[in-house]
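When reading the values below, keep in mind they use all heavy atoms of this one structure, side chains included, and skip hydrogens, waters and symmetry mates. The sequence lines fix the lettering, A, B, ..., with proteins before strands; numbering per chain opens at 1.
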Amino acid sequence: MPVTYKKIASVTVGAGGASSIDFTSIPATYDDVCILMSARSTGTNVNAQGFCYFTFNSLTTSFTSRRLIQDGTTVSSDSSGGRFAAYIPNSQATASTFGTMVCYIPNYRSSNNKSYSTDQGMENNSSTAYLQGLVAGLWSNSSAITSISIGGVIDSTGASANFAQYSTATLYGISKS
Amino acid sequence: MPATYESIATTTLGSAQLNVEFTGISQSFTDLVLVMQIADSTNDARDVYMQVGNGSYDTASNYSRTILTGNGTAAQSSRSSNASFMSMSYAVYSSSPLSVNIVHFMSYSNTTTNKTVLARTNGAGDGVSANAFLWRSTSAIERIKVYLQPTSNINTGSTFTLYGIKAA
């Protein structure tokens, strides 16, 4: 019986950090793909949170998204997320604590524009770096997705950062039949 | 090695139609996951409705829901009881782009508990929602029907795939 849900590749960030987590040469043998990520930033801003972003096929354009975000006090929605991927805790967050993200991209090889669903969250057991986000994303490009990069890590102040050691992401391929 | 996550059935619509049904669903799994990409043939926003059942669809007032939505401007939470369907907002936006909707039917084959269904909808040009539904029936789910309201055809190219997950 063919395997429905199969790991394509997995990346774990080593000592020294990494500016991005990259999945290249994604095989054209699946119907959907799914990324599971656990990540932390090397940023230093005192609010303990950072952001990371998607790049598909080395392109950063033609991304739009609608987000639903809550921080335990306030719930908000915006349409300014663009290629936003996830909030992640930075070096000021509780030690050994990482944010998580699940991104499901159906029909990644189709000639339609690529819609995707992202759920992500971080919890810090403190007064900072707690957020949950639900995102409806769209990459308005009819090309098959052949590479996915998660990077562009920044603090909430816009200061550049990297993924911290032990951040991981795994790309799975899903077959419909 | 036994498969944990299996494709049960999949369909890509070659022509527009009013609803999509999965019947005779195998009872050998623990949970079901339904992944849908839906476009509306009238190029207008619609809600996606679902009904489930065993042998026939339950059309009585046995469904309830709690939902969280965001339309890109405002966030809302609401709930409703004693409905004759499960309804999801922001699950279909237009004829293009296709939405992304993921529905989990937890313990669907269990015959001692009412059924909980969790759904995420994503319309990048419309909004996003998280939904928790309850179907007040201890019957196993043997069939699922998906349709649009207000009544409209589901557009060509929409895809529906039902997966089964085994706990052991």
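- Of the possible donor and acceptor atoms, none in the side chain of A:Ser115 sits under 3.5 Å from a partner among the backbone N and O of B:Ser99.
- Across all non-hydrogen atoms, the minimal contact from A:Ser175 to B:Ser7 is O-CB, 4.0 Å.
- Taking every heavy atom of both residues into account, B:Asn71 and A:Ser77 meet most closely at N-OG, 3.2 Å.
- Each of B:Val100 and A:Val33 belongs to its own hydrophobic cluster when Ile, Leu, Val, Met, Phe, Trp and Tyr are linked at side-chain heavy-atom distances under 4.5 angstrom.
- Chosen from A:Ser65, A:Pro106, A:Ser110, A:Ser79, the residue pairing most often with chain B at heavy-atom distances under 4.5 Å is A:Pro106.
- Of the atoms belonging to B:Leu162, not a single heavy atom falls under 4.5 Å from chain A.
- With a threshold of 4.5 angstrom between heavy atoms, B:Thr73 approaches chain A through N, CA, C or O but not through any side-chain atom.
- To the nearest 0.5 Å, the span separating CG on B:Leu98 from CG on A:Asn107 amounts to 7.5 Å.
- The closest side-chain heavy-atom distance from A:Gln70 to B:Leu68 is not below 4.5 Å.
- Per-residue counts of heavy-atom pairs under 4.5 Å with chain B were compared for A:Thr64, A:Asp31, A:Asp119; the largest is that of A:Asp119.
- Each of B:Thr121, B:Ile8, B:Ile102 has some count of heavy-atom pairs under 4.5 Å with chain A, and the biggest count is that of B:Ile102.
- In terms of hydrophobic clustering, with Ile, Leu, Val, Met, Phe, Trp and Tyr side chains grouped at heavy-atom distances under 4.5 Å, B:Phe22 and B:Met36 are assigned to a common cluster.
- Contact check for A:Leu68 versus B:Thr69: no side-chain heavy atoms found under the 4.5 Å cut-off.
- Heavy-atom distances place both the backbone and the side chain of A:Ser117 under 4.5 Å from chain B.
- Along residues 123-136 of chain B, the residues that come nearer than 4.5 angstrom to chain A, judged on non-hydrogen atoms, are B:Gly123, B:Ala124, B:Gly125, B:Asp126, B:Gly127, B:Val128, B:Ala130 in order of number.
- For B:Gln76, the CD atom sits in a loose shell: 12 or fewer heavy atoms of surrounding residues, nucleotides or ligands are nearer than 6.0 Å.
- In this structure, the portion of A:Thr118 lying under 4.5 Å from any heavy atom of chain B is its backbone and not its side chain.
- Note: the hydrophobic cluster containing A:Tyr53 does not contain A:Ile148 (ILVMFWY, side chain heavy atoms under 4.5 Å, direct or indirect links).
- Linking ILVMFWY side-chain heavy atoms closer than 4.5 Å, directly or via other members, places B:Phe160 and B:Val117 in a single hydrophobic cluster.
- Cluster annotation: A:Trp139 is connected to A:Phe23 through the hydrophobic network of ILVMFWY side chains, with a link wherever side-chain heavy atoms come within less than 4.5 Å.
- In terms of heavy-atom pairs under 4.5 Å with chain B, the best-connected choice from A:Ile69, A:Leu134, A:Val75 is A:Leu134.
- A:Tyr5 OH: more than 12 foreign heavy atoms inside a 6.0 Å radius.
- Looking at A:Ser80, there are no atoms closer than 4.5 Å to chain B (heavy atoms on both sides), in backbone or side chain.
- Of the atoms belonging to B:Tyr90, not a single heavy atom falls under 4.5 Å from chain A.
- With contacts defined as side-chain heavy-atom distances shorter than 4.5 Å, the pair A:Val135/B:Asn122 does not qualify.
- Counting heavy-atom neighbours within 6.0 Å of A:Lys6 NZ, excluding the residue itself, gives a total of 12 or less.
- Only the side chain of A:Asp32 comes within contact range of chain B, with at least one heavy atom under 4.5 Å from a heavy atom of that chain.
- Looking only at side-chain heavy atoms (C-beta outward), A:Lys176 and B:Tyr163 come within less than 4.5 Å of each other.
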